[in-house]
Each structure stands twice: as structure tokens, then as C-alpha cells.
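See structure below.
Every chain is numbered from 1, with letters handed out A, B, ... down the list of sequences. Just so it is clear, the values below take in all heavy atoms, side chains as well, and ignore hydrogens, waters and symmetry mates.
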Amino acid sequence: MSRYTRIEFLAACASRHVRDGENVFGGTGLPLLAALLAKNTHAPNANLISEAGFIDAMPREVPLSVADSRYYYGCSASIGLIETLGFILQAGRIDVGFLGAAQIDEYGNLNTTYIGPYEAPKIRLPGSGGGNDIASSAKRLIIMMTHDKRKFVKQLDHMTSPGHLEGPGSRERWSLVGGGPEVVITDMCQMDFDPVTRKIRLMSVHPGYTVDDVLDNVMFDLIVPDSVPTTEEPTQEQIEIMHRLDPHGVYLGKARD
Amino acid sequence: MSRYTRIEFLAACASRHVRDGENVFGGTGLPLLAALLAKNTHAPNANLISEAGFIDAMPREVPLSVADSRYYYGCSASIGLIETLGFILQAGRIDVGFLGAAQIDEYGNLNTTYIGPYEAPKIRLPGSGGGNDIASSAKRLIIMMTHDKRKFVKQLDHMTSPGHLEGPGSRERWSLVGGGPEVVITDMCQMDFDPVTRKIRLMSVHPGYTVDDVLDNVMFDLIVPDSVPTTEEPTQEQIEIMHRLDPHGVYLGKARD
Amino acid sequence: MVPDGAGLFWGGFGYQRAPIAFAQELVRQKKRDLTIYTCGSEVDLEIMAGAGVAGRFEIAFVAIEAIGLAYNMRRRVAEGKVEIEDYSNLAMAMRFLGGALNVPFMPIRSLMGTDMANKSRYRGDKKLRVIDCPFTGQRVCLVPSVQPDFSIVHVQRVDQTGNAQIDGIVGEDIEGSRCGKKLIVLAEELVDEAEIRSRPDQTRIPAMYVDHVVVLPFIAHPMQCHNYYDYDLEFLQFFHKMTRKEETWQEYLDEYIFGVDDHWSYLDKVGWERLNQLRAKRPWGY
Amino acid sequence: MVPDGAGLFWGGFGYQRAPIAFAQELVRQKKRDLTIYTCGSEVDLEIMAGAGVAGRFEIAFVAIEAIGLAYNMRRRVAEGKVEIEDYSNLAMAMRFLGGALNVPFMPIRSLMGTDMANKSRYRGDKKLRVIDCPFTGQRVCLVPSVQPDFSIVHVQRVDQTGNAQIDGIVGEDIEGSRCGKKLIVLAEELVDEAEIRSRPDQTRIPAMYVDHVVVLPFIAHPMQCHNYYDYDLEFLQFFHKMTRKEETWQEYLDEYIFGVDDHWSYLDKVGWERLNQLRAKRPWGY
């Protein structure tokens with residue numbers, strides 16, 4: 001068993017959802033670290049795309065921005081947003097997209113824009129960026145969040161990006177291209193979505209946490225299956241590769257645990 | 001006085017309508033020869049654009065195709081159709097566009113597609129190409145045709161490209177970007193358009209022809225002003241430059257005159 | 001690989017990067033009922049219309065530009081064997097852009113007020129739609145996007161994974177290469193993936209779009225391929241002359257298309273001395 | 001040159017080619033009531049929102065990405081001094097594409113079903129419109145095109161006539177540079193026109209679009225400019241720390257923007273030894 005931090009666990013867990021050969025929108029931050037980790041372990045042929053315009057990128061170290069020059073050298077094409085978000089994403093060519101969020105509801109709808117009422121927002125967050133586009137059009141969506149009860153809400157303050165909207169049939173009603181959220185990964189558990197109701201469902205609990213810990217930390221009714229397995233831990237190799245990819249500890253923190 | 005052929009006259013005459021510094025859509029054929037002649041004489045800073053994607057081109061010899069590599073070397077940018085017909089032309093950035101036609105009516109509307117009824121066309125012509133786009137969106141349109149009575153018709157077999165449509169206000173009704181035809185140049189005369197009725201009007205007659213010659217060779221009522229000047233002849237310099245630009249005589253014919 | 005009845009985006013523009021070898025191979029394989037989508041193509045359209053492999057064309061232009069009119073197309077249209085749905089170059093380029101973007105239509109400011117908007121061959125009210133803009137009230141023309149079964153694009157260079165570079169103008173090939181359900185890239189030269197990845201700014205078609213790659217020299221003959229070879233003016237004039245009448249066209253077809261086994265035999269027939277004289281010179285690219 | 005109240009397309013994307021020097025100059029000239037149109041910008045938006053030169057933003061994103069949130073923007077929004085009309089990156093890029101094409105709107109398949117489509121800050125029903133496609137019956141979202149007074153674009157190289165080259169990703173700058181009524185190009189380096197004309201494939205912005213050119217080094221500092229210099233991580237973190245509170249932000253503003261005469265003085269203040277250490281290394285470009 002390896003020693004690991006919560007962040008390392010989150011990144012390693014998310015990386016397992018990338019399959020070899022897939023077209024992946026990585027973004028920045030932890031999702032990107034997860035995608036890069038996948039490419040450096042079990043998914044060497046994953047095609048890592050940055051919405052800024054980099055296609056099939058293989059950065060030596062983790063970029064800080066979707067437009068970071070670290071994405072450039074060795075990528076197969078360097079173009080622009082109409083290419084990545086239009087020709088690639090909106091055309092249905094992205095297998096998996098990663099997103100984070102400040103709030104998520106039980107259908108996997110996401111808020112990354114405002115806390116407080118729209119008319120007089122208390123806190124302005126970054127906004128959609130390419131988030132709404134990715135949530136609308138990627139075949140599968142992987143959501144990564146640090147676990148905090150206030151983020152798992154019954155009613156979003158603002159819906160920035162579509163999850164399963166109001167449930168079965170709603171994405172089809174708006175002719176959305178992609179399939180919507182598949183999994184939500186936090187530093188406490190993994191959740192997926194019930195195929196019938198499209199509501200969020202507990203999938204696995206990370207070592208050191210219980211089902212009750214999770215239930216205490218969501219503000220909606222979480223579906224809990226009869227048996228909830230324990231999430232696989234990161235390997236020593238995964239942790240080492242992660243730190244090689246983030247030598248300055250921008251995402252992982254300066255100190256090893 | 002220089003000796004010249006009809007084609008040389010036509011090209012030289014058309015070239016005078018290009019002003020220095022203008023953005024010009026030249027196409028191929030005689031119009032291109034005219035535009036190149038202008039650039040090599042009185043309009044050295046004309047920005048010659050080919051719809052295939054060449055911007056500010058300065059070919060050594062006349063290209064045979066809008067996509068001809070002869071447009072490439074020394075041009076300032078080499079892009080594509082969305083750039084030239086969209087960002088440049090449709091955005092209203094083209095000062096003057098050249099077009100030819102198989103039929104023209106009294107409002108300067110053009111047919112380059114079918115002779116005979118649409119349902120069972122007798123003759124298929126090239127079609128619009130960028131013609132409809134240029135006629136819709138260029139600030140000024142210069143039409144070049146060899147003079148043949150059957151081409152100057154009361155009713156087009158097919159309207160490929162808009163002139164002044166049904167007269168005053170019709171271009172505005174369709175929100176067309178450009179100003180429509182300004183002048184029609186044949187190997188017999190020049191015609192412009194009455195600013196009030198938008199109908200075609202005799203402007204000047206080439207040496208060797210009379211007003212009656214022209215009236216005998218159009219099938220609609222041509223407006224004839226009180227005084228019709230004689231068109232300026234090509235200079236020896238213009239003729240020499242033309243032949244340097246078309247060394248194989250593709251447009252001018254193999255033989256001098 | 002291309003079944004009868006398929007729709008094809010057809011790349012190249014004017015005399016540049018025309019996929020002539022592919023057209024000739026479609027003829028040899030006796031394909032039928034294809035629909036061709038392109039802005040303006042020339043010798044290739046004449047071959048496909050003349051040999052009867054395609055019955056429908058959604059295009060803006062057909063002629064050999066400075067060389068002259070398209071006689072094969074003219075005969076086939078008069079015979080009723082070919083139907084052309086007429087658009088302008090911008091309209092077709094935008095239809096490909098819409099297809100590449102996976103949206104159902106694109107707005108343009110051409111076609112309105114003319115028979116291009118009023119008459120349709122077989123698309124009926126799916127040819128285009130003129131609407132009042134909900135934001136400005138101005139009239140605007142919506143043209144339906146195209147997502148054909150295949151995109152056929154001819155480029156200068158490709159690597160073993162499919163990353164392709166185009167030199168010179170791109171015409172409508174950026175949008176066209178992305179709008180088809182499958183993309184077949186025809187290239188003059190195979191280069192190493194490391195070379196492509198050292199200059200990613202130059203990649204015009206990333207490998208992720210590419211389904212099949214064919215590498216052959218002189219794919220566009222008698223047309224040109226920038227930085228590789230010029231057009232063959234004499235052959236082009238000969239081709240054009242042979243299309244003038246049905247009998248001479250059939251002669252051409254028998255000799256230069258059915259009479260050769262494949263593109264290599266075609267090039268042998270044209271002759272390598274002749275072909276080598278067409279090679280592009282620096283810095284001109286032709 | 002830019003009057004109060006003007007609308008500006010703002011180029012660069014993420015950490016790449018941000019026109020920081022131009023933002024700082026707008027602050028020094030005490031411009032007011034600008035409207036900024038861009039996909040996602042970061043330090044530049046923080047400067048303009050923080051200094052009060054712009055009151056309206058039609059954007060998709062504001063934060064310093066990996067470094068953290070946009071504190072200036074957060075405070076100004078909470079104070080009611082800044083209004084943000086929210087779109088997605090694709091929506092903004094398509095709005096610039098529509099502006100460049102001079103059509104009134106563009107169709108997209110994002111935003112629908114969410115508050116992005118349901119709520120508007122000040123555009124009201126001119127924010128977007130969801131319609132049923134007249135060809136397919138599918139729902140599609142129309143976003144209104146943008147044709148602002150100015151486009152501000154930062155590039156690597158420009159010639160004396162205005163032809164500009166961009167290395168690396170272009171973000172939304174191709175469309176953005178063509179959508180404005182006037183285009184101001186900021187470049188790191190002046191090259192000769194003959195150099196541009198010997199490689200016309202590399203020209204991303206032809207001179208015919210360009211109204212004004214400014215040539216200065218390190219325009220994007222503390223952000224990066226591909227093939228020229230990397231971001232200044234330490235300065236970026238310092239900048240971000242200074243924006244956390246209004247008092248420290250005012251200190252930063254007084255010292256680094258109002259406290260210097262122009263961009264050269266700013267660079268002197270940052271220090272040339274530091275700047276030179278940021279210069280890009282081959283083959284990486286950063």
C-alpha cells in the first residue's frame with residue numbers, strides 16, 4: 001500500500017476513467033493532471049486535446065493554462081477554438097471531457113458561475129469557459145470535485161453546464177450532442193448515475209470513508225446501492241509519475257504529503 | 001494611335017476602372033488580365049485578391065485559375081474561401097469585383113448558369129462560382145462581356161447573380177451588402193446605370209462604333225444620354241504589358257492582332 | 001470502399017490539388033449514383049459526369065476556367081442524366097463549415113433576390129431558407145449543412161498516422177475535410193510523424209479526423225499541386241478537346257481511364273519525362 | 001485612440017499572448033465604460049475590472065486558471081460596478097466568427113437547457129435565441145454576432161504594412177481580428193515585408209485588416225508569448241496575491257501601472273535580468 005494525499009488519490013482515481021485511444025478534453029488543474037497520468041500509464045494513445053487549440057499533446061510537465069506553451073512541442077496540430085470546441089467537440093468527437101464545479105445537483109448539473117442570487121451575486125466564480133460546451137457535447141463527462149457538503153446541493157444557485165437536466169429525455173429535448181455526466185469523483189467517493197432516473201448514485205467509497213460519511217456530506221438524496229465497494233488506491237508508480245508531471249507542486253502541493 | 005485587337009481594347013478599358021489602393025477581386029480570364037494590367041500601370045497598390053485564398057497577389061504572369069500557384073509567390077497571405085468570400089467580401093471589404101456573363105438584363109442582373117428553361121436546360125454554363133457572392137457583396141461591380149446581341153436580353157433565362165434586381169430599393173430589400181453593378185464593358189461600348197431608375201445606360205462608344213451599332217446589338221431599351229463620348233484607346237504601353245502578362249496568348253490569342 | 005449512392009465532399013479548388021486519380025479510380029470501379037459536393041471542380045467533375053459515376057452535383061461551378069467550358073457536364077445535363085443543385089462558392093463553403101461544426105445550417109448574405117434562391121432541382125424547400133433575423137430584422141439566407149458519407153481531400157504531405165499538411169491555398173478543404181462521416185486523404189508524399197510534430201502549426205488536418213490515407217505521386221495530373229508540380233497545359237487542352245464530342249470523350253475514357261490498370265499505369269502512359277518537366281521550381285511553387 | 005464607452009474585442013487566450021501592456025495603457029489613460037468581448041482572459045481582465053476602465057464584459061471565463069480565482073472581478077461584481085453577460089467559449093468564438101463573416105448570428109449546440117440561456121444581465125432577448133431548425137426540426141441556439149469598435153490582438157511578428165504572423169495556438173484571434181471595425185495589432189517583433197511575402201502560408205492576419213500596429217517587447221508579461229518568452233510564475237503569484245484585497249490591489253495599481261510612465265518603464269521596473277530569464281528556449285517555445 002502506498003501513502004498518498006487526498007489530491008493524489010483524486011487524480012489517480014480519475015485517471016482510471018480514461019481509456020486508451022480516446023479523445024480527451026483535459027482542461028487545466030487536477031483533471032489535466034489525471035488525463036496526463038492516464039497517458040503516462042495505461043492510456044498511452046489517449047489523444048489529449050486542449051480547447052485553446054492543441055491536438056494530441058504530450059507535455060513534459062503539467063500546463064497551468066489551456067493555452068500554455070507546455071502543450072505545444074510534440075503535439076500534432078496547433079490551431080484554435082473553432083477547431084477544438086466546434087469541429088471536434090460539437091461534432092461529437094470527444095470521448096471524455098473533465099470538469100470541476102463549485103456546486104452540483106442530483107442530476108449532475110453544474111454551477112461554476114455565481115454563488116448567491118443571479119441578480120445580486122455574492123461571489124463571482126470563473127464562469128463557463130468551455131465548460132458548458134464540454135458538458136453539452138462530450139460523449140462522457142467526468143466531474144472532479146473536492147468533497148464539501150455545501151457543493152452537493154438540492155438546488156443550484158445557477159446552472160452553468162448541463163448534467164442530465166431534469167432527468168430522462170431532457171438532454172434529447174435540447175438536441176444536446178453528448179451523453180452527459182458519467183461519474184463524479186471526489187476525495188471521498190465516486191458516484192455515477194442511475195440509468196433509469198438519471199439521478200446521482202454512490203459507486204464506491206474511498207479507503208478511510210464510510211457510506212455514512214458520504215451521506216452526511218451531500219444535501220440531496222443520494223441513491224445507495226446494496227453493495228458499495230471500496231475505491232482502488234493509487235499505486236506508487238502513479239504517485240511518482242504525478243510528481244514528475246507537477247515538479248513545482250502547483251497542483252499537488254509543495255510537500256510530499 | 002496604337003493598333004489593338006478587340007480583346008486588348010476590352011482589357012485596357014476595364015483596367016482603368018481599378019483605382020490605386022483598392023481591394024480587387026479579379027477572378028480569372030479577361031477580368032484578371034484587366035486587374036493585373038491596372039496593378040502594373042496606374043494602380044500599383046491595388047490589393048489583388050483571389051477567392052481561392054490569395055491576398056495581395058502579384059503574379060508574374062496571368063494565372064489560368066483562381067487557385068493557380070502563379071498567384072502564390074509574393075502574395076501576402078494564402079488562406080481559403082471562408083477568408084476571401086466571407087471575412088473579406090461578405091464583410092464589405094471588396095471595393096471592386098469583376099464578372100463576366102452569358103446574359104445580362106437592363107438592371108445588370110446576370111446569367112452564368114443555364115440557357116433555356118430551368119426545367120430542361122439547353123445549355124449548362126459554368127454556374128455562379130463566386131459570382132453571386134461577388135455581385136451581392138462587392139462595393140462596385142464591373143461586368144465584362146464580348147458584345148453579342150443575344151447576350152443583352154429583356155428577360156434572363158436564369159438569374160444567377162444580382163444586379164439592381166427590379167430597380168431602386170430591391171437590393172436593400174434583400175439586405176445585400178454591396179452596391180451592385182457600376183459599369184458594363186464590352187468590345188463595342190461602355191455602359192453604366194442611371195442613378196434614379198437603376199437601368200442600364202450608354203456611357204461611351206469605342207472608336208469605330210456608333211451609338212446605332214450599340215442599339216442594334218441590345219434586346220432591351222438602352223438609355224442614351226444626349227452626348228456619348230468615344231472611349232479612350234489603349235496605349236502602346238498597356239498593350240505591351242498585357243502581352244508580357246499573357247506570354248502564351250491564352251487570353252489575347254497567339255497572334256498579335 | 002465507396003459504395004454506390006454515396007455522397008462525397010470533393011476537395012481541391014480550381015486547378016489546385018484536384019483529386020483526379022481518385023475520380024479515375026471511381027470510374028474504373030464503375031461506381032454509380034454518387035452525389036458530389038464541392039465549390040468548383042473541373043477536370044475531375046468532367047470525368048465523373050462524363051463516365052456516369054455521379055448523377056447529382058451540389059456545386060457552385062464547373063468549367064476548366066481559362067481553358068473553356070465543361071462539355072461533358074453540358075451533354076449530361078441536356079440528356080437529363082445529371083442534376084445540378086446550384087449554389088455559390090460561399091454558400092457551399094458555408095455548408096461545409098456548418099457540417100464540420102455539426103450545426104444544421106449556416107447564415108449567408110448571398111443568393112437572395114435571384115433564381116439561386118427561387119429555383120431548386122431536387123432539394124425543394126431544403127435547398128435554402130430566407131428568414132428575417134430575430135436580432136436585426138434583416139433578411140438572411142440559411143443554407144443547410146452538408147455531412148456527406150465521405151470527404152475526399154488531396155494534400156501535399158501526410159505522416160503514417162494521418163496528420164496532413166497543405167501548402168498554399170486551402171480553398172474549402174479545412175471545412176470539407178471535417179464535414180464528412182469518413183475522411184480519405186490522398187497525399188503526394190509520406191513524411192515521418194516526428195517531422196509533423198516538430199511543426200504542429202503546419203498541420204492542416206490532424207490525424208484524428210483521418211480514416212484512410214493513400215500516397216501516390218501526381219494525383220492531380222493534369223492539374224497542379226503547389227510546391228510539387230505545375231499543371232500540364234498541353235494535356236489539359238487535349239483533355240478539353242476530347243470532351244467536346246461524345247465520341248472523342250469515349251475514346252479518351254477507353255484509352256486513359258479504362259485502358260490503364262491503375263494510377264501508376266496512367267502515369268506511365270502520360271510519360272515520366274513529361275511528368276518530371278512539370279515539377280515545381282523554387283521559389284515559385286509551380 | 002480608444003474613446004470612452006467603446007467596445008473592444010480582446011485577443012489572446014488563457015496565459016497566451018495576453019495584451020497586458022495595452023490594458024495597462026488603457027488604465028493610465030483613465031479610459032472609462034469600455035465593453036470587453038473575449039472568450040477567457042485573465043490578468044488583463046483583472047486589471048481592467050480592478051481599475052474601473054471597463055464596466056461590461058461579454059465573456060466566458062475569468063480566473064488565473066491554475067493560480068486561482070479572479071478577486072478583482074469578484075469584488076467589482078459584488079459592488080455592482082461590473083456587469084458580466086455570460087456565454088461559453090464556443091458561443092463567444094462563434095459570435096466573433098459571425099461578426100467576421102458579417103452575418104447577424106451563428107448557430108451553436110451549447111447553452112440550451114441551462115441558465116446560460118435563461119438569464120441575461122443587460123442584453124435581454126438579444127443575448128441569444130433558441131429556435132427550431134427549419135431544416136431538421138432540432139433545437140438550435142442562435143448567438144448574436146459581435147462587431148465591436150476595435151479588435152486588440154497581440155501577435156509574435158508583424159511587417160511594416162501590418163501583415164501579422166502568430167506562432168502556436170490562435171485561440172479565437174483569427175475571427176476576433178476580423179470582427180472589429182478597427183484592428184490594432186500589438187507585436188513583439190517587426191520583420192521585413194519580404195520575409196512575410198516569402199512565406200504567405202504563415203500570415204494569420206493580412207495587412208488589409210490592420211489599422212494600427214504597435215511593436216514592443218514583453219507585451220504579455222507576466223503572461224507568455226509562444227517562441228518569445230514564458231510566463232513569470234513568481235510575478236503572476238505576486239499579482240494574484242495583490243488582487244486579494246482592495247488595499248493591496250490599489251498598492252499594485254499605484255506602483256506598477258500609475259507609477260510608471262509607459263510600458264518601457266514597466267519593464268525597467270520588472271527588471272531586464274528577470275525578463276531575459278523568461279526568454280523561450282528551443283525547441284519548446286517557452
(request) Indicate whether any N or O donor in one side chain lies under 3.5 Å from an N or O acceptor in the other, for Asp167(C) and Tyr72(B). (result) no
(message) Which one wins on heavy-atom pair count under 4.5 Å against chain C: Gly74(B), Ala67(B), Gly127(B), Gly129(B)?
(response) Gly129(B)
(request) Would you kindly say whether Ser65(B) and Gln16(C) are connected by a side-chain donor-acceptor distance under 3.5 Å? (result) no
(message) Tell me which of these, Asn118(C), Ile166(C), Ile84(C), Thr136(C), has more heavy-atom pairs under 4.5 Å with chain B than the rest.
(response) Ile84(C)
(request) Mind ranking Ala120(B), Gly53(B), Ser78(B) by heavy-atom pairs under 4.5 Å with chain C and telling me who comes out on top? (result) Ser78(B)
(request) Find the one option among Val77(C), Ile59(C), Asp173(C), Ile67(C) whose heavy-atom pairs under 4.5 Å with chain B are most numerous. (result) Val77(C)
(message) Which residues pass the ring-ring contact (aromatic ring centres under 6.0 Å, His included) test with Phe152(B), not counting sequence neighbours?
(response) His147(B)
(request) Tell me yes or no: between the side chains of Tyr231(C) and Asp68(B), is some donor less than 3.5 Å from an acceptor? (result) yes
(request) Go through the atoms of Ala70(C) and report whether side chain, backbone, both or neither lie under 4.5 Å from a heavy atom of chain B. (result) neither
(request) Identify which part of Tyr251(B) has an atom lying under 4.5 Å from any heavy atom of chain C, answering side chain, backbone, both or neither. (result) side chain
(message) Keeping Asp115(C) on the side-chain end and Thr160(B) on the backbone end, is there a donor-acceptor pair under 3.5 Å?
(response) no
(request) Identify, with sequence neighbours excluded, every residue that meets ring-ring contact (aromatic ring centres under 6.0 Å, His included) alongside Tyr209(C). (result) none
(request) Output the option from Ser161(B), Pro126(B), Pro121(B), Ser128(B) having the highest count of non-hydrogen pairs under 4.5 Å with chain C. (result) Pro126(B)
(request) Name the region of Ile174(C), side chain, backbone, both or neither, that has any atom closer than 4.5 Å to a heavy atom of chain B. (result) neither
(request) Could you tell me whether a side-chain N or O of Glu172(C) sits under 3.5 Å from a main-chain N or O of Gly80(B), the two making a donor and an acceptor? (result) no
(request) Give the intermediate values and the outcome of salt bridge (Lys or Arg N to Asp or Glu O under 4.0 Å) for residues Arg70(B) and Asp230(C). (result) CA-CA 9 Å; Arg70(B) 281 155 186 75; Asp230(C) 199 1; 2.5 Å; yes
(message) At a 4.5 Å cut-off on heavy atoms, which part of Arg121(C) comes close to chain B: side chain, backbone, both, or neither?
(response) both
(message) Please check: side-chain N/O of Thr28(B) versus main-chain N/O of Ala66(C), any donor-acceptor pairing under 3.5 Å?
(response) no
(request) Would you mind listing every side chain to side chain donor-acceptor pair (under 3.5 Å) that reaches into residues 86-96 of chain B, with sequence neighbours excluded? (result) Asp95(B)-Lys139(B)
(request) Heavy-atom distances under 4.5 Å only: say whether Leu165(B) touches chain C with side chain, backbone, both or neither. (result) side chain
(message) Would you say that Tyr71(B) contacts Ile169(C) through its side chain, given a criterion of any heavy-atom pair below 4.5 Å between the two side chains?
(response) no
(message) Just so I understand: if I count every heavy-atom pair under 4.5 Å between each of Tyr114(B), Tyr73(B), Tyr118(B) and chain C, which residue has the most?
(response) Tyr118(B)
(message) Nearest 0.5 Å, please: how far is OG in Ser69(B) from CH2 in Trp284(C)?
(response) 12.5 Å
(request) Please state whether the side chain, the backbone, both or neither of Leu90(C) comes within less than 4.5 Å of a heavy atom of chain B. (result) both
(request) Among Glu65(C), Lys119(C), Arg74(C), single out the residue with the greatest number of heavy-atom pairs under 4.5 Å to chain B. (result) Glu65(C)
(message) Under a 4.5 Å cutoff for heavy-atom pairs, which residue among Arg60(B), Glu119(B), Glu166(B) has the most contacts with chain C?
(response) Arg60(B)
(message) Any side-chain to backbone donor/acceptor pair from Asn132(B) onto Leu111(C)? Under 3.5 Å, distance only.
(response) yes
(request) Specify the closest pair of heavy atoms between Arg124(B) and Val62(C), including all atoms of both residues, with the distance to one decimal. (result) NE-CG1, 4.2 Å
(message) Under a 4.5 Å cutoff for heavy-atom pairs, which residue among Gly14(C), Cys141(C), Gly168(C), Ala117(C) has the most contacts with chain B?
(response) Gly168(C)
(request) First locate atom CG of Leu233(C), then atom CG of Leu64(B), and finally report the distance between them rounded to the nearest 0.5 Å. (result) 6.0 Å
(message) How long is the straight-line distance from OG of Ser110(C) back to CD1 of Ile134(B), given to the nearest 0.5 Å?
(response) 9.5 Å
(request) Give me the contact list for residues 218-227 of chain C versus chain B, heavy atoms only, anything under 4.5 Å, ordered by residue number. (result) Gln224(C), His226(C)
(request) Please flag which part of Ser136(B) lies under 4.5 Å from any non-hydrogen atom of chain C: side chain, backbone, both or neither. (result) side chain
(message) Minimum heavy-atom separation for Asp133(B) and Ser88(C), please, with both atom names.
(response) OD1-OG, 2.7 Å
(request) Go through Phe61(C), Phe96(C), Tyr286(C) and name the one with the most non-hydrogen pairs under 4.5 angstrom from chain B. (result) Tyr286(C)
(request) Could you tell me whether the side chain of Arg173(B) reaches within less than 4.5 Å of the side chain of Arg139(C), counting heavy atoms only? (result) yes
(message) Measuring only between side-chain heavy atoms, which start at C-beta, is Ile82(B) closer than 4.5 Å to Met94(C)?
(response) yes
(message) Quick check on Thr112(B) against chain C: is it the side chain, the backbone, both or neither that has a heavy atom closer than 4.5 Å?
(response) neither
